2 protein chains.
Amino acid sequence: MSTINDVAARAGVSAATVSRVINVNSNVSPETFKKVTKAIDELNYRPNILGRNLRKTKSERILVILPNISNPFYSEIVKGIEDVANQNGYYVMLCNTDSDLAREEKYIKMLKGQLADGAILMASEMNSDDLAELSKDIPVVQCCEYKEGIPMPHVSIDNELAAYKAVKHLIGLGHEKIAFIGAKNQFLSSSLRKKGYIRALGEAGINFDPDYCDYGDYSYKSGFRIMKQLLKLSQRPTAVFCISDIMAIGAIRSAMEEKLQIPEDIAVCGFDNIYFSKMFKPSLTTISQPMYDLGCVAMDALVNMIENGKAETMHYFLEHELVIRESTVK
Amino acid sequence: MSTINDVAARAGVSAATVSRVINVNSNVSPETFKKVTKAIDELNYRPNILGRNLRKTKSERILVILPNISNPFYSEIVKGIEDVANQNGYYVMLCNTDSDLAREEKYIKMLKGQLADGAILMASEMNSDDLAELSKDIPVVQCCEYKEGIPMPHVSIDNELAAYKAVKHLIGLGHEKIAFIGAKNQFLSSSLRKKGYIRALGEAGINFDPDYCDYGDYSYKSGFRIMKQLLKLSQRPTAVFCISDIMAIGAIRSAMEEKLQIPEDIAVCGFDNIYFSKMFKPSLTTISQPMYDLGCVAMDALVNMIENGKAETMHYFLEHELVIRESTVK
DNA sequence: TATATATATGAAAACGATTTCATAAATACG
DNA sequence: CGTATTTATGAAATCGTTTTCATATATATA
């Protein structure tokens, strides 16, 4: 591959002038411009990004850290990130952690050595102190999951309100025995969604029953398993609110296996509105998260931090929506 | 951020020695080693990747070009790519093209400027000539979709055989009126799968009926729409083979809307075995592609090309499997 | 003991661009 | 017409590493 100096030599100018032509900068005479572009074409020259990056001490990349790219929820967000990154001249690097802190930290370390100009964290395994520390060195935005009380912006929805709305919808349908399939982990969304569930129950004068509360790991299998247990209760619930679509689908298949009709015998509501939710039979009532937009806004915020050195605001809350489908209403 | 020179100064050694310590190279005395690591810790120094990359003229990255990361088929492959890339010290950059050639070519151009050390192409929109040209400059591997007759390795399954097996399965169940929902595009897999369909029919002495053949775009909607039309035929098919799971699911929902029972009234077979296929009700009979492994093998091949300058072989065919589920067998 | 080799280190070059600074030529201004 | 400004260009510095080459010291070998 030819370098800027090869081009300069062939065009009979200096490397500086070639650089000016490449970067459509300033004050290049038309003849020189022509000579240089001709040389560039003849040599099929492409500016070397490694050289450029070093000189500018800018990587022109951003890093996306997430648990699992094959989770449709995250991959849709990544699409939003990628589009906005592109519009702003950034490339996207991917770090799939499999929720392994060590793997995440390996990347974080490299980040400090300018692996990327900034990062978007989804469901990070790091603790608040480390995140706060990181935010001093590198522009970072939290997307969906986030830690509170640290100087790091986040983009998410109002999880408590969303869960509240979902459960209120079930109550509005006449349900009183409403179970909850959540998750026990460090993520704020898990506790907020439970909080919303409890608030809706409380408001309707329904007692919170711990027997109706169980915890999975967002997987199909865990939804399946927990539903089986709920169905064994002497007072079987008539509705279930799950904090993820995948668990909801697992729960539905579980109930179907027991020859129960959805929603007649038991109504199920999910959370996320992944692509598959509307295809599923019965199609899934769920909280729609604006995944693509979450990605876009997170990336927008990150560009802002990178280029202006500071965040415009710490809290971005995007709108969610209750999407009512066959799994709760015939 | 401190540089290698800061560390050198603090440790009272030269930058070269610090570099030796960082790279666990050779011949550093224990005392020096200690001094340097101490200075590194005190300054919280991380080697700058931009400097390192330039000096080595190696980006230590690979680029993955694909139509759509939120397609569960591709995202699972990316996971395989990422894991193997990591094991070999490469970072993964993502290019989501939305099947837009211009977007793809923008990245390809940068590739020539060392944006990455190599690339994996999935369902590229480029023509054979351009791909052949590209393969002269950059190590590139085609994954799943590929062009034949160019000096660029590919990793895929035997699409013709897979389709043949799927259709043979339907024939084995007694079906004779078997429709085909394919795709009309430049991709080899589309024509190969159709070829397999025709071969299975021919072998069973079933006439190929063009009325039973229609083409979608891999989407849920297209599967849905085409099934509607197939059901309007005076001689309605009793089985349908779809070249993607998503279209198969669309087709099933379409038939369900017409009050047909799956598989009693009409059996449906998909292709890919995406994550959702087993969750769907009825669970989907399909050809299982080893998506994760396809990614792993593609990345393995790419590492080989990058580091040894040549491909070991041009053709990698991985095993597929017919997975029989509820959508064809009660 | 004299020489050959191994070990440990530093100075300087190199990777390939961009950018600063200097300067010459061209143009504008009074 | 003389000076000030703008335009166009090149030389050299710079970004932060790694690596080559040179060299001094320590160790091994004969």
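Basis for what follows: all heavy atoms, side chains included, without hydrogens, waters or symmetry-related copies. Numbers restart at 1 for each chain; the letters A, B, ... are given by sequence-line order, proteins then strands. Computed from a predicted structure; not experimentally measured.
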Indicate every side-chain donor-acceptor pair of residues 6-18 of chain B with a distance under 3.5 Å to a residue at least two apart or in another chain.
residue, atom, partner, partner atom, Å
B/D6, OD2, B/T3, N, 2.8
B/R10, NH1, B/E42, OE1, 2.3
B/S14, OG, B/A16, N, 3.4
B/S14, OG, B/T17, N, 3.3
B/S14, OG, B/T17, OG1, 3.4

So A/H315 and A/H154, would you call those rings parallel, tilted or perpendicular, with 30° and 60° as cut-offs?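 Because their plane-to-plane angle is over 60°, the rings of A/H315 and A/H154 count as perpendicular.
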Taking NZ from B/K58 and C1' from D/dT17, how many angstroms apart are they, rounded to a whole number?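 So the NZ-C1' distance, B/K58 to D/dT17, works out to 16 Å.
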What verdict does the salt bridge (charged side-chain N to carboxylate O under 4.0 Å, His left out) test give for A/E82 and B/R103, after you've listed the backbone C-alpha separation in whole Å, the side-chain angles of each residue and the deciding distance to 0.1 Å? CA-CA 12 Å; A/E82 224 244 336; B/R103 198 156 169 178; 3.3 Å; yes
Flag the pair A/R46 and B/D137 as a salt bridge only when some basic side-chain nitrogen lies within less than 4.0 angstrom of an acidic carboxylate oxygen.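 The answer is no: the pair does not qualify as a salt bridge.
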Given that both distances must come in under 3.5 Å, which nucleotide forms a Watson-Crick or G-U wobble pair with D/dA30? C/dT1
Side chains of residues 69-76 of chain B: which donor-acceptor partners sit under 3.5 Å, not counting sequence neighbours?
residue, atom, partner, partner atom, Å
B/S70, OG, A/E76, OE1, 3.2
B/S70, OG, B/N68, OD1, 2.9
B/N71, OD1, B/F73, N, 2.8
B/S75, OG, B/P72, O, 3.3
B/E76, OE1, A/S70, OG, 3.2

Nucleic acid footprint by protein, nucleotides 6-18 of chain C - heavy-atom cut-off 4.0 Å, B for base, S for sugar-phosphate alone: -SBBBB-BBBBBB
